[in-house]
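Note that this is a predicted model, so its numbers are computed, not measured.
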Amino acid sequence: MCHLFCGKIHFYIGTDLHIDGYFTGEAAFKSTPDDQLKQIWAQRYLLNFMQDPQTAFFEYRRTKFPEFPVNPATSLNENNKNAIPVRWLYPSSEVNYNKANLVEALNRQYGGVDEVNKVMWLLK
C-alpha cells in the first residue's frame, strides 16, 4: 500500500483499519490552503505519472511537489547532483538543421549554454 504524506511516498503494509479510515484520516481534505494544494498536486501527479509522464514532469516542475529526495551519489544530473533537471536539451537535429537560430536562442535565453539546469523563461 502506498501512502502520500507531505509530498513523500511511504510504503507500508496496511490493514482493514487503514482502509476503513482512509477518507477520515490522511486523505481527508486538509484545513489550510497550502495543505489543500499539496493534496491536489499529489493526486494530479499520481494520476499522470504512468499515463502521461511529460505532464507529470511539467506539473512537478511548476509546483515543486511532490518533494523528491535526490541522492547525490546516484544522481545522473552531471552539473548539479542535488537537483532534478528543469528542462530538456535541444535535440541534435537543431544543431544540424537550424544552427543559427539555435545559437541565437541559447544566447538569448541561457547565456549561450544548452544545459538541463538552466531555468527557462516561463519558470522565472
Electrostatic pair Glu115-Lys118, nearest N-O below 4.0 angstrom: no
Flag side-chain contact, heavy atom, 4.5 Å: Lys64 against Val86: yes
Stepwise side chain to side chain contact (heavy atoms under 4.5 Å, CB included) check, Leu106 with Tyr90: CA-CA 9 Å; Leu106 289 173; Tyr90 282 100; 3.7 Å; yes
Side chain Asp52, main chain Asn48, donor-acceptor under 3.5 Å: no
Atom CZ of Arg87: over 12 foreign heavy atoms under 6.0 Å: yes
Polar contact flag, side-chain donor to acceptor under 3.5 angstrom, Ser93-Asn96: no
Separation between CD1 of Ile84 and CG of Leu76, rounded to the nearest 0.5 Å: 11.5 Å
Nearest-0.5 Å distance, OG1 of residue Thr63 to CD1 of residue Ile40: 11.5 Å
Ring geometry between Trp41 and Phe65 (parallel below 30°, tilted from 30 to 60°, perpendicular above 60°): tilted
Inter-residue atom distance Arg44.CZ - Leu37.CG, 0.5 Å rounding: 11.5 Å
Heavy-atom check, side chain of Glu59 versus side chain of Tyr45, under 4.5 Å: no
Side-chain touch Asn77/Val116, heavy atoms, less than 4.5 angstrom: yes
Flag side-chain contact, heavy atom, 4.5 Å: Val95 against Leu102: yes
Pair Phe49 + Phe57: ring centers closer than 6.0 Å: no
CG-CG distance between Asp114 and Leu89, expressed to the nearest 0.5 angstrom: 4.5 Å
Side-chain heavy-atom pair Trp88, Met120 within 4.5 angstrom cut-off: no
